[in-house]
*Asks:* 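Provided herewith is a single structure, encoded as C-alpha coordinates, for subsequent inquiry.
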2 protein chains.
Amino acid sequence: MSDKPRVLIVEDEAQIRQFLRLALAAEGCTVLEASRLADGLTLAGDGGVDLVLLDLGLPDGDGIDFIRAYRGWSDGPVLILSARTEERHKIDALDAGADDYLTKPFGIGELHARVRALMRRRARSGVAASPVVEFGEVVVDLARRLVTRRGEPVRLTPIEFRLLAMMLAHPGQVLTQRKLLADIWGPSYVESSHYLRVYVGHLRQKLEDDPTQPRHFLTETGVGYRFQPGS
Amino acid sequence: MSDKPRVLIVEDEAQIRQFLRLALAAEGCTVLEASRLADGLTLAGDGGVDLVLLDLGLPDGDGIDFIRAYRGWSDGPVLILSARTEERHKIDALDAGADDYLTKPFGIGELHARVRALMRRRARSGVAASPVVEFGEVVVDLARRLVTRRGEPVRLTPIEFRLLAMMLAHPGQVLTQRKLLADIWGPSYVESSHYLRVYVGHLRQKLEDDPTQPRHFLTETGVGYRFQPGS
DNA sequence: GGAATTGTTTACGACTTTTTTACACGGAAA
DNA sequence: TTTCCGTGTAAAAAAGTCGTAAACAATTCC
(Lines give C-alpha, C1' and ligand atoms only; values in the text may rest on other atoms or scores of the structure.)
Protein backbone atom coordinates (compact mmCIF):
# COMPACT_ATOMS: atom_id res chain seq x y z
CA MET A 1 0.00 0.00 0.00
CA SER A 2 2.50 2.66 1.11
CA ASP A 3 4.10 3.08 -2.28
CA LYS A 4 5.89 6.39 -2.13
CA PRO A 5 6.57 7.72 1.33
CA ARG A 6 5.60 11.36 1.72
CA VAL A 7 8.16 13.59 3.40
CA LEU A 8 7.55 17.10 4.64
CA ILE A 9 10.50 19.49 4.69
CA VAL A 10 10.23 22.55 6.92
CA GLU A 11 13.20 24.78 6.16
CA ASP A 12 13.52 28.46 5.34
CA GLU A 13 16.61 28.50 3.16
CA ALA A 14 15.57 27.73 -0.40
CA GLN A 15 18.98 26.37 -1.25
CA ILE A 16 19.00 23.76 1.49
CA ARG A 17 15.41 22.94 0.70
CA GLN A 18 16.31 22.17 -2.87
CA PHE A 19 19.24 20.07 -1.75
CA LEU A 20 16.96 18.06 0.52
CA ARG A 21 14.26 17.78 -2.10
CA LEU A 22 16.65 16.29 -4.61
CA ALA A 23 18.20 13.99 -2.05
CA LEU A 24 14.83 12.62 -0.97
CA ALA A 25 13.42 12.39 -4.45
CA ALA A 26 16.41 10.21 -5.29
CA GLU A 27 15.25 7.93 -2.47
CA GLY A 28 11.88 7.66 -4.11
CA CYS A 29 9.99 9.97 -1.78
CA THR A 30 7.22 12.42 -2.53
CA VAL A 31 8.32 15.76 -1.12
CA LEU A 32 6.24 18.51 0.46
CA GLU A 33 7.86 21.79 1.40
CA ALA A 34 7.24 24.67 3.76
CA SER A 35 9.41 27.63 4.56
CA ARG A 36 7.56 28.65 7.70
CA LEU A 37 6.43 26.75 10.75
CA ALA A 38 2.79 27.72 10.34
CA ASP A 39 2.72 26.45 6.76
CA GLY A 40 4.45 23.30 7.88
CA LEU A 41 1.79 22.62 10.49
CA THR A 42 -0.94 23.18 7.95
CA LEU A 43 0.63 20.79 5.47
CA ALA A 44 1.29 18.20 8.14
CA GLY A 45 -2.29 18.60 9.30
CA ASP A 46 -3.58 17.86 5.83
CA GLY A 47 -2.48 14.33 6.51
CA GLY A 48 -0.57 11.69 4.69
CA VAL A 49 2.85 12.80 5.89
CA ASP A 50 5.11 9.88 6.76
CA LEU A 51 8.18 11.81 7.91
CA VAL A 52 8.97 15.38 8.87
CA LEU A 53 12.38 16.97 8.34
CA LEU A 54 12.48 20.07 10.49
CA ASP A 55 15.01 22.87 10.66
CA LEU A 56 15.02 24.24 14.19
CA GLY A 57 16.39 27.64 13.28
CA LEU A 58 13.38 29.09 11.54
CA PRO A 59 12.70 32.80 11.81
CA ASP A 60 8.97 32.64 12.53
CA GLY A 61 8.90 30.71 15.76
CA ASP A 62 10.40 28.00 17.90
CA GLY A 63 10.75 24.60 16.26
CA ILE A 64 10.17 22.98 19.64
CA ASP A 65 6.63 24.32 19.56
CA PHE A 66 6.18 22.72 16.15
CA ILE A 67 7.18 19.34 17.53
CA ARG A 68 4.83 19.63 20.47
CA ALA A 69 1.94 20.70 18.29
CA TYR A 70 2.59 17.93 15.78
CA ARG A 71 2.79 15.37 18.56
CA GLY A 72 -0.68 16.50 19.56
CA TRP A 73 -2.19 14.47 16.76
CA SER A 74 0.57 12.40 15.17
CA ASP A 75 3.13 9.84 16.21
CA GLY A 76 4.94 10.04 12.88
CA PRO A 77 8.72 10.30 12.89
CA VAL A 78 10.38 13.72 13.10
CA LEU A 79 14.01 14.27 12.16
CA ILE A 80 15.60 17.53 13.25
CA LEU A 81 18.16 19.30 11.10
CA SER A 82 19.94 22.07 12.88
CA ALA A 83 23.06 24.17 12.83
CA ARG A 84 23.02 24.26 16.61
CA THR A 85 25.49 21.83 18.07
CA GLU A 86 24.97 22.53 21.76
CA GLU A 87 23.80 19.52 23.67
CA ARG A 88 21.00 21.48 25.33
CA HIS A 89 19.22 22.01 22.04
CA LYS A 90 19.45 18.37 21.11
CA ILE A 91 18.07 17.27 24.45
CA ASP A 92 15.19 19.72 24.34
CA ALA A 93 14.20 18.73 20.82
CA LEU A 94 14.40 15.00 21.49
CA ASP A 95 12.44 15.33 24.71
CA ALA A 96 9.80 17.40 22.98
CA GLY A 97 9.13 14.38 20.80
CA ALA A 98 11.68 14.39 17.97
CA ASP A 99 13.11 11.02 16.94
CA ASP A 100 16.53 12.03 15.68
CA TYR A 101 18.75 15.09 15.55
CA LEU A 102 21.25 15.71 12.80
CA THR A 103 23.74 18.56 13.01
CA LYS A 104 24.61 20.63 9.96
CA PRO A 105 26.67 20.15 7.99
CA PHE A 106 25.84 16.50 7.44
CA GLY A 107 26.62 14.05 4.69
CA ILE A 108 23.87 13.20 2.30
CA GLY A 109 24.61 9.53 2.80
CA GLU A 110 24.05 9.75 6.53
CA LEU A 111 20.81 11.65 5.99
CA HIS A 112 19.62 8.91 3.67
CA ALA A 113 20.55 6.22 6.13
CA ARG A 114 18.81 7.93 9.03
CA VAL A 115 15.69 8.55 6.97
CA ARG A 116 15.67 4.89 5.98
CA ALA A 117 16.07 3.86 9.62
CA LEU A 118 13.08 5.98 10.64
CA MET A 119 10.91 4.74 7.79
CA ARG A 120 11.81 1.15 8.54
CA ARG A 121 10.69 1.58 12.13
CA ARG A 122 7.49 3.28 11.07
CA ALA A 123 6.71 0.43 8.69
CA ARG A 124 7.23 -2.09 11.47
CA SER A 125 5.24 -0.36 14.16
CA GLY A 126 1.82 -1.16 12.85
CA VAL A 127 1.05 1.74 10.57
CA ALA A 128 -0.69 -1.00 8.66
CA ALA A 129 -2.77 -1.56 11.78
CA SER A 130 -5.63 0.89 11.33
CA PRO A 131 -5.34 4.23 9.66
CA VAL A 132 -9.14 4.28 9.65
CA VAL A 133 -11.26 5.40 12.57
CA GLU A 134 -15.01 4.86 12.73
CA PHE A 135 -17.68 6.28 15.00
CA GLY A 136 -21.40 6.52 14.55
CA GLU A 137 -21.99 6.65 10.82
CA VAL A 138 -18.70 8.36 10.15
CA VAL A 139 -15.52 6.86 8.71
CA VAL A 140 -12.27 8.80 8.88
CA ASP A 141 -9.12 7.88 6.98
CA LEU A 142 -6.57 10.11 8.63
CA ALA A 143 -3.74 9.25 6.25
CA ARG A 144 -5.76 9.98 3.12
CA ARG A 145 -7.55 12.91 4.71
CA LEU A 146 -10.87 11.35 3.78
CA VAL A 147 -14.05 11.65 5.80
CA THR A 148 -17.39 10.04 4.93
CA ARG A 149 -20.77 9.99 6.61
CA ARG A 150 -23.29 7.37 5.56
CA GLY A 151 -21.01 6.77 2.61
CA GLU A 152 -21.22 10.39 1.54
CA PRO A 153 -17.95 12.32 1.51
CA VAL A 154 -17.75 15.18 3.99
CA ARG A 155 -15.81 18.33 3.22
CA LEU A 156 -13.66 19.59 6.06
CA THR A 157 -11.49 22.69 6.10
CA PRO A 158 -7.85 22.33 7.20
CA ILE A 159 -8.55 23.56 10.71
CA GLU A 160 -11.61 21.39 11.06
CA PHE A 161 -9.60 18.38 9.98
CA ARG A 162 -6.77 19.08 12.39
CA LEU A 163 -9.20 19.46 15.24
CA LEU A 164 -10.83 16.19 14.28
CA ALA A 165 -7.50 14.39 13.98
CA MET A 166 -6.40 15.62 17.35
CA MET A 167 -9.56 14.52 19.09
CA LEU A 168 -9.53 11.15 17.36
CA ALA A 169 -5.94 10.63 18.52
CA HIS A 170 -7.10 10.78 22.14
CA PRO A 171 -10.33 8.79 22.31
CA GLY A 172 -12.27 9.03 25.52
CA GLN A 173 -9.89 11.57 26.95
CA VAL A 174 -10.63 15.15 27.81
CA LEU A 175 -8.51 17.56 25.80
CA THR A 176 -8.24 20.86 27.59
CA GLN A 177 -8.99 24.03 25.72
CA ARG A 178 -5.42 25.20 26.27
CA LYS A 179 -3.99 22.05 24.73
CA LEU A 180 -6.25 22.17 21.70
CA LEU A 181 -5.65 25.84 21.08
CA ALA A 182 -1.89 25.58 21.54
CA ASP A 183 -1.54 22.60 19.22
CA ILE A 184 -3.87 23.76 16.47
CA TRP A 185 -3.61 27.54 16.43
CA GLY A 186 -0.31 28.02 18.28
CA PRO A 187 0.78 28.86 21.82
CA SER A 188 -0.28 32.48 21.54
CA TYR A 189 -3.94 31.53 21.03
CA VAL A 190 -4.27 29.80 24.39
CA GLU A 191 -6.80 32.36 25.58
CA SER A 192 -9.00 32.44 22.47
CA SER A 193 -11.38 29.72 23.49
CA HIS A 194 -14.15 31.04 21.28
CA TYR A 195 -12.36 29.56 18.25
CA LEU A 196 -13.02 26.17 19.73
CA ARG A 197 -16.69 26.85 20.15
CA VAL A 198 -16.98 27.83 16.53
CA TYR A 199 -15.03 24.89 15.15
CA VAL A 200 -16.35 22.20 17.45
CA GLY A 201 -19.71 23.53 16.35
CA HIS A 202 -18.70 22.97 12.73
CA LEU A 203 -17.61 19.40 13.42
CA ARG A 204 -20.89 18.64 15.19
CA GLN A 205 -22.82 20.21 12.35
CA LYS A 206 -21.04 18.06 9.80
CA LEU A 207 -20.57 14.79 11.68
CA GLU A 208 -23.17 14.40 14.42
CA ASP A 209 -26.59 12.90 13.83
CA ASP A 210 -28.19 15.61 15.94
CA PRO A 211 -25.79 18.52 16.38
CA THR A 212 -27.95 19.76 19.25
CA GLN A 213 -27.43 16.50 21.16
CA PRO A 214 -23.85 15.56 20.37
CA ARG A 215 -22.90 11.98 21.12
CA HIS A 216 -19.26 12.01 20.08
CA PHE A 217 -17.96 15.53 20.51
CA LEU A 218 -18.81 16.25 24.10
CA THR A 219 -18.34 19.42 26.08
CA GLU A 220 -16.70 19.36 29.47
CA THR A 221 -17.78 22.75 30.65
CA GLY A 222 -14.94 24.86 31.95
CA VAL A 223 -12.34 22.29 30.94
CA GLY A 224 -12.39 21.26 27.30
CA TYR A 225 -13.82 18.67 24.93
CA ARG A 226 -13.92 14.91 24.80
CA PHE A 227 -14.20 12.60 21.80
CA GLN A 228 -16.44 9.67 22.58
CA PRO A 229 -15.96 6.78 20.14
CA GLY A 230 -18.37 3.95 19.57
CA SER A 231 -21.92 3.17 18.47
CA MET B 1 3.18 -3.04 33.16
CA SER B 2 6.72 -2.43 31.81
CA ASP B 3 8.10 -0.89 34.94
CA LYS B 4 11.87 -0.85 34.56
CA PRO B 5 13.16 -0.99 31.01
CA ARG B 6 16.00 -3.46 30.54
CA VAL B 7 19.02 -2.21 28.65
CA LEU B 8 21.87 -4.32 27.31
CA ILE B 9 25.29 -2.71 27.01
CA VAL B 10 27.80 -4.36 24.66
CA GLU B 11 31.15 -2.67 25.17
CA ASP B 12 34.65 -3.97 25.82
CA GLU B 13 36.19 -1.13 27.81
CA ALA B 14 35.27 -1.62 31.43
CA GLN B 15 35.55 2.07 32.15
CA ILE B 16 33.04 3.14 29.52
CA ARG B 17 30.80 0.28 30.53
CA GLN B 18 30.69 1.55 34.07
CA PHE B 19 30.02 5.07 32.86
CA LEU B 20 27.08 3.83 30.80
CA ARG B 21 25.81 1.62 33.58
CA LEU B 22 25.65 4.52 36.01
CA ALA B 23 24.10 6.82 33.45
CA LEU B 24 21.33 4.35 32.62
CA ALA B 25 20.70 3.34 36.19
CA ALA B 26 20.09 7.00 36.90
CA GLU B 27 17.36 6.89 34.24
CA GLY B 28 15.74 4.04 36.11
CA CYS B 29 16.87 1.23 33.82
CA THR B 30 17.90 -2.29 34.66
CA VAL B 31 21.32 -2.81 33.06
CA LEU B 32 22.79 -5.95 31.50
CA GLU B 33 26.40 -5.98 30.36
CA ALA B 34 28.58 -7.86 27.91
CA SER B 35 32.16 -7.22 26.89
CA ARG B 36 32.12 -9.43 23.80
CA LEU B 37 29.70 -9.69 20.93
CA ALA B 38 29.07 -13.38 21.49
CA ASP B 39 28.10 -12.78 25.12
CA GLY B 40 25.93 -9.90 24.03
CA LEU B 41 24.01 -12.05 21.59
CA THR B 42 23.53 -14.70 24.25
CA LEU B 43 22.15 -12.20 26.74
CA ALA B 44 19.94 -10.58 24.14
CA GLY B 45 18.75 -14.03 23.15
CA ASP B 46 17.64 -14.74 26.69
CA GLY B 47 14.93 -12.19 26.04
CA GLY B 48 13.51 -9.33 27.96
CA VAL B 49 15.86 -6.72 26.50
CA ASP B 50 14.16 -3.46 25.59
CA LEU B 51 17.15 -1.57 24.22
CA VAL B 52 20.68 -2.43 23.07
CA LEU B 53 23.62 -0.05 23.35
CA LEU B 54 26.31 -1.38 21.08
CA ASP B 55 29.93 -0.33 20.67
CA LEU B 56 30.98 -1.03 17.11
CA GLY B 57 34.69 -1.21 17.81
CA LEU B 58 34.81 -4.52 19.62
CA PRO B 59 37.87 -6.75 19.19
CA ASP B 60 36.08 -10.05 18.73
CA GLY B 61 34.06 -9.34 15.60
CA ASP B 62 32.15 -6.87 13.53
CA GLY B 63 29.31 -5.04 15.25
CA ILE B 64 27.41 -4.97 11.97
CA ASP B 65 27.11 -8.74 12.18
CA PHE B 66 25.70 -8.37 15.66
CA ILE B 67 22.98 -6.08 14.40
CA ARG B 68 22.06 -8.41 11.55
CA ALA B 69 21.91 -11.37 13.86
CA TYR B 70 19.86 -9.50 16.42
CA ARG B 71 17.45 -8.29 13.77
CA GLY B 72 16.92 -11.90 12.87
CA TRP B 73 14.62 -12.30 15.84
CA SER B 74 14.01 -8.89 17.38
CA ASP B 75 12.71 -5.48 16.33
CA GLY B 76 13.88 -3.84 19.52
CA PRO B 77 15.74 -0.56 19.27
CA VAL B 78 19.52 -0.58 18.83
CA LEU B 79 21.66 2.47 19.57
CA ILE B 80 25.23 2.44 18.25
CA LEU B 81 28.08 4.05 20.18
CA SER B 82 31.25 4.36 18.18
CA ALA B 83 34.50 6.23 17.99
CA ARG B 84 34.38 6.03 14.21
CA THR B 85 33.17 9.25 12.68
CA GLU B 86 33.38 8.30 9.01
CA GLU B 87 30.05 8.49 7.29
CA ARG B 88 30.51 5.07 5.71
CA HIS B 89 30.35 3.38 9.09
CA LYS B 90 27.25 5.21 10.15
CA ILE B 91 25.45 4.34 6.95
CA ASP B 92 26.39 0.69 7.15
CA ALA B 93 25.30 0.39 10.75
CA LEU B 94 21.99 2.18 10.21
CA ASP B 95 21.24 0.16 7.10
CA ALA B 96 22.06 -3.03 8.91
CA GLY B 97 19.17 -2.24 11.22
CA ALA B 98 20.42 0.14 13.90
CA ASP B 99 18.09 2.92 14.96
CA ASP B 100 20.57 5.58 15.99
CA TYR B 101 24.29 6.23 15.87
CA LEU B 102 26.11 8.31 18.44
CA THR B 103 29.74 9.28 17.98
CA LYS B 104 32.17 9.27 20.89
CA PRO B 105 32.78 11.38 22.73
CA PHE B 106 29.15 12.25 23.47
CA GLY B 107 27.46 14.14 26.27
CA ILE B 108 25.64 12.12 28.86
CA GLY B 109 22.62 14.36 28.46
CA GLU B 110 22.33 13.63 24.77
CA LEU B 111 22.68 9.92 25.41
CA HIS B 112 19.85 10.12 27.92
CA ALA B 113 17.66 12.05 25.53
CA ARG B 114 18.24 9.62 22.66
CA VAL B 115 17.56 6.64 24.91
CA ARG B 116 14.34 8.28 26.03
CA ALA B 117 13.36 8.94 22.44
CA LEU B 118 13.84 5.28 21.53
CA MET B 119 12.01 4.05 24.62
CA ARG B 120 9.14 6.40 23.99
CA ARG B 121 8.62 4.95 20.56
CA ARG B 122 8.65 1.46 22.00
CA ALA B 123 6.12 2.42 24.66
CA ARG B 124 3.72 3.84 22.10
CA SER B 125 3.25 0.49 20.42
CA GLY B 126 1.09 -0.67 23.30
CA VAL B 127 -2.24 0.81 24.24
CA ALA B 128 -1.90 3.06 27.23
CA ALA B 129 -4.25 2.08 30.03
CA SER B 130 -4.64 4.80 32.59
CA PRO B 131 -4.80 3.99 36.27
CA VAL B 132 -8.24 3.92 37.85
CA VAL B 133 -9.51 4.21 41.41
CA GLU B 134 -12.54 2.23 42.48
CA PHE B 135 -14.80 2.42 45.50
CA GLY B 136 -18.29 1.14 46.01
CA GLU B 137 -19.91 1.08 42.59
CA VAL B 138 -17.86 4.00 41.36
CA VAL B 139 -14.89 3.94 38.99
CA VAL B 140 -12.74 7.03 38.59
CA ASP B 141 -10.22 7.48 35.78
CA LEU B 142 -8.36 10.57 36.84
CA ALA B 143 -6.27 10.86 33.67
CA ARG B 144 -9.30 10.64 31.38
CA ARG B 145 -11.30 12.74 33.76
CA LEU B 146 -13.98 10.08 33.64
CA VAL B 147 -16.28 9.02 36.47
CA THR B 148 -18.81 6.19 36.25
CA ARG B 149 -21.29 4.72 38.71
CA ARG B 150 -22.79 1.32 37.94
CA GLY B 151 -21.39 1.79 34.47
CA GLU B 152 -23.25 5.04 33.96
CA PRO B 153 -21.14 8.12 33.40
CA VAL B 154 -21.43 10.76 36.11
CA ARG B 155 -21.19 14.43 35.29
CA LEU B 156 -18.99 16.43 37.62
CA THR B 157 -18.31 20.15 37.54
CA PRO B 158 -14.69 21.33 37.66
CA ILE B 159 -14.81 22.05 41.38
CA GLU B 160 -16.51 18.79 42.17
CA PHE B 161 -13.88 16.93 40.20
CA ARG B 162 -11.01 18.71 41.89
CA LEU B 163 -12.46 17.96 45.29
CA LEU B 164 -12.88 14.32 44.35
CA ALA B 165 -9.36 14.05 42.97
CA MET B 166 -7.93 15.57 46.07
CA MET B 167 -9.73 13.24 48.42
CA LEU B 168 -8.88 10.20 46.29
CA ALA B 169 -5.22 11.19 46.43
CA HIS B 170 -5.25 10.81 50.22
CA PRO B 171 -7.27 7.67 50.95
CA GLY B 172 -8.09 7.10 54.58
CA GLN B 173 -6.56 10.40 55.59
CA VAL B 174 -8.36 13.29 57.14
CA LEU B 175 -8.12 16.40 55.01
CA THR B 176 -8.65 19.51 57.07
CA GLN B 177 -11.13 22.07 55.89
CA ARG B 178 -8.38 24.66 55.66
CA LYS B 179 -6.28 22.42 53.44
CA LEU B 180 -9.14 21.61 51.09
CA LEU B 181 -10.29 25.19 50.85
CA ALA B 182 -6.79 26.53 50.28
CA ASP B 183 -5.99 24.00 47.55
CA ILE B 184 -9.28 24.21 45.68
CA TRP B 185 -10.51 27.76 46.12
CA GLY B 186 -7.30 29.52 47.11
CA PRO B 187 -5.61 30.68 50.30
CA SER B 188 -8.07 33.52 50.86
CA TYR B 189 -10.99 31.10 51.22
CA VAL B 190 -9.70 29.15 54.22
CA GLU B 191 -12.51 30.53 56.38
CA SER B 192 -15.36 29.75 54.01
CA SER B 193 -16.01 26.22 55.21
CA HIS B 194 -19.49 26.61 53.91
CA TYR B 195 -18.39 25.84 50.35
CA LEU B 196 -17.18 22.45 51.49
CA ARG B 197 -20.53 21.48 52.93
CA VAL B 198 -22.20 22.34 49.68
CA TYR B 199 -19.74 20.51 47.45
CA VAL B 200 -19.16 17.46 49.62
CA GLY B 201 -22.92 17.28 49.59
CA HIS B 202 -22.87 17.26 45.81
CA LEU B 203 -20.33 14.45 45.71
CA ARG B 204 -22.37 12.36 48.12
CA GLN B 205 -25.49 13.05 46.11
CA LYS B 206 -23.83 11.88 42.92
CA LEU B 207 -21.61 9.06 44.15
CA GLU B 208 -22.95 7.58 47.39
CA ASP B 209 -25.54 4.81 47.49
CA ASP B 210 -27.36 6.59 50.28
CA PRO B 211 -26.29 10.22 50.49
CA THR B 212 -27.81 10.42 53.97
CA GLN B 213 -25.57 7.63 55.24
CA PRO B 214 -22.27 8.29 53.49
CA ARG B 215 -19.84 5.40 53.46
CA HIS B 216 -16.97 6.95 51.52
CA PHE B 217 -17.08 10.68 52.07
CA LEU B 218 -17.06 10.91 55.84
CA THR B 219 -17.29 13.96 58.05
CA GLU B 220 -14.76 14.49 60.82
CA THR B 221 -16.69 17.03 62.79
CA GLY B 222 -14.75 20.15 63.54
CA VAL B 223 -11.75 18.98 61.52
CA GLY B 224 -12.53 18.14 57.92
CA TYR B 225 -13.41 15.22 55.66
CA ARG B 226 -12.01 11.76 55.02
CA PHE B 227 -12.24 9.54 51.99
CA GLN B 228 -12.85 5.93 52.90
CA PRO B 229 -11.99 3.53 50.06
CA GLY B 230 -13.15 -0.06 49.76
CA SER B 231 -16.29 -2.17 49.48
C1' DG C 1 -10.21 40.28 -11.43
C1' DG C 2 -14.11 37.89 -9.53
C1' DA C 3 -16.18 33.93 -7.16
C1' DA C 4 -15.88 30.60 -3.80
C1' DT C 5 -13.92 28.92 0.20
C1' DT C 6 -11.92 29.52 4.60
C1' DG C 7 -10.68 32.03 8.78
C1' DT C 8 -11.75 35.60 12.20
C1' DT C 9 -14.62 38.41 14.84
C1' DT C 10 -18.90 39.98 17.02
C1' DA C 11 -23.28 39.59 19.29
C1' DC C 12 -26.71 37.48 21.98
C1' DG C 13 -29.70 33.93 23.95
C1' DA C 14 -29.45 29.57 26.43
C1' DC C 15 -27.39 26.95 29.55
C1' DT C 16 -24.14 25.49 33.38
C1' DT C 17 -21.58 26.42 37.31
C1' DT C 18 -20.57 29.00 41.32
C1' DT C 19 -21.87 31.74 44.98
C1' DT C 20 -25.09 33.26 48.19
C1' DT C 21 -29.06 32.91 51.12
C1' DA C 22 -32.22 30.51 53.97
C1' DC C 23 -33.55 27.13 57.02
C1' DA C 24 -33.79 22.42 59.19
C1' DC C 25 -31.38 18.87 61.70
C1' DG C 26 -28.93 16.80 65.68
C1' DG C 27 -25.63 16.32 69.31
C1' DA C 28 -23.38 18.62 73.44
C1' DA C 29 -23.43 21.65 77.21
C1' DA C 30 -25.90 24.63 80.34
C1' DT D 1 -35.55 21.66 77.90
C1' DT D 2 -33.27 25.18 75.88
C1' DT D 3 -29.42 27.10 73.61
C1' DC D 4 -25.64 26.72 71.11
C1' DC D 5 -22.67 25.17 67.30
C1' DG D 6 -21.27 22.82 63.36
C1' DT D 7 -23.48 20.53 59.88
C1' DG D 8 -26.59 19.12 55.72
C1' DT D 9 -30.03 20.25 52.07
C1' DA D 10 -32.52 23.11 48.94
C1' DA D 11 -33.15 26.73 46.05
C1' DA D 12 -32.40 31.50 44.86
C1' DA D 13 -29.31 34.96 42.48
C1' DA D 14 -25.01 35.99 40.20
C1' DA D 15 -21.35 34.94 37.38
C1' DG D 16 -19.46 32.62 33.92
C1' DT D 17 -19.45 29.51 29.89
C1' DC D 18 -21.25 27.69 25.67
C1' DG D 19 -23.59 27.38 20.97
C1' DT D 20 -25.12 29.57 16.92
C1' DA D 21 -25.73 32.73 13.32
C1' DA D 22 -24.13 36.16 10.69
C1' DA D 23 -21.01 39.77 9.10
C1' DC D 24 -16.51 40.81 7.70
C1' DA D 25 -11.64 39.82 6.18
C1' DA D 26 -8.33 36.99 4.11
C1' DT D 27 -7.13 33.52 1.11
C1' DT D 28 -7.41 30.42 -2.64
C1' DC D 29 -8.90 29.02 -7.05
C1' DC D 30 -10.39 29.68 -11.57
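Source: prediction; values computed, not measured.
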*Asks:* Could you list the protein-to-nucleotides 19-25 of chain D atom pairs, N/O on both sides, closer than 3.5 Å?
*Replies:*
from	atom 1	to	atom 2	distance (Å)
D:dG19	OP1	A:Arg204	NH2	2.3
D:dG19	OP1	A:Thr219	OG1	2.6
D:dG19	OP2	A:Tyr225	OH	2.8

*Asks:* B:Phe135 and B:Phe217: aromatic ring centres closer than 6.0 Å?
*Replies:*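 Aromatic pair counts; centres sit under 6.0 Å.
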*Asks:* Heavy-atom count around B:Lys179 NZ within 6.0 Å, excluding the residue itself: above 12?
*Replies:*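 12 or below, so no.
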*Asks:* Under a 3.5 Å distance rule, please check whether B:Arg71 uses its side chain to pair with a backbone N or O of B:Ser74 as donor and acceptor.
*Replies:*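 Side chain of B:Arg71 to backbone of B:Ser74: a pair is present.
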*Asks:* Please report, rounded to the nearest Å, how far the P atom of D:dT27 is from the CD1 atom of A:Ile159.
*Replies:*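 Distance check: A:Ile159 CD1 to D:dT27 P gives 13 Å.
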*Asks:* For residues A:Thr219 and A:Arg204, is any side-chain donor paired with an opposing acceptor at under 3.5 Å?
*Replies:*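 Checked: A:Thr219/A:Arg204 side chains pair up, N/O donor to acceptor below 3.5 Å.
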*Asks:* Note the angle between the end axes of the helix from C:dG1-D:dC30 to C:dA30-D:dT1, five pairs defining each, rounded to 10 degrees.
*Replies:*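 Terminal axis comparison yields 20°.
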*Asks:* So A:Tyr199, base contact, sugar-phosphate only, or nothing? Heavy-atom distance under 4.0 Å.
*Replies:*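 Contact class for A:Tyr199: base.
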*Asks:* Between C:dT16, C:dT8, C:dG7, which nucleotide has the shortest distance from any of its atoms to the side chain of A:Thr221?
*Replies:*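 That would be C:dT16.
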*Asks:* Does the A:His216 side chain pair with the main chain of A:Glu208, one donor and one acceptor, at a distance under 3.5 Å?
*Replies:*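 No, because the side chain of A:His216 does not come within donor-acceptor range (under 3.5 Å) of the backbone of A:Glu208.
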*Asks:* Is it the case that A:Gln228 and A:Arg226 place a side-chain donor and acceptor less than 3.5 Å from each other?
*Replies:*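 Judged by distance alone, the side chains do not pair up.
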*Asks:* Which whole-number value in Å describes the distance from B:Phe161 CZ to C:dT17 P?
*Replies:*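 Value for this atom pair: 14 Å.
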*Asks:* How far apart are the closest heavy atoms of A:Asp12 and A:Gly57, and which atoms are they?
*Replies:*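 Reported closest heavy-atom pair: OD2-O, 4.3 Å.
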*Asks:* Do side-chain atoms of B:Asp99 reach the backbone of B:Val78 as a donor and acceptor pair under 3.5 angstrom?
*Replies:*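 It does hold such a pair.
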*Asks:* Hey, are B:Arg120 and A:Asp75 close enough for a salt bridge, meaning a charged N less than 4.0 Å from a carboxylate O?
*Replies:*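 A:Asp75 and B:Arg120: not salt-bridged.
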*Asks:* Look only at the side chain of B:Glu160 and the backbone of B:Leu203, and say whether a donor-acceptor pair between them is shorter than 3.5 Å.
*Replies:*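 Here the side-chain-to-backbone pair does not exist.
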*Asks:* Under 4.0 Å between a side-chain N/O of A:Arg155 and OP1 or OP2 of C:dT6, yes or no?
*Replies:*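 Indeed, a polar side-chain atom of A:Arg155 lies that close.
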*Asks:* Could you list by number each residue of residues 166-191 of chain B showing a heavy-atom separation from DNA chain C of less than 4.0 Å, or answer none if no residue does?
*Replies:*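 Those residues are B:Trp185.
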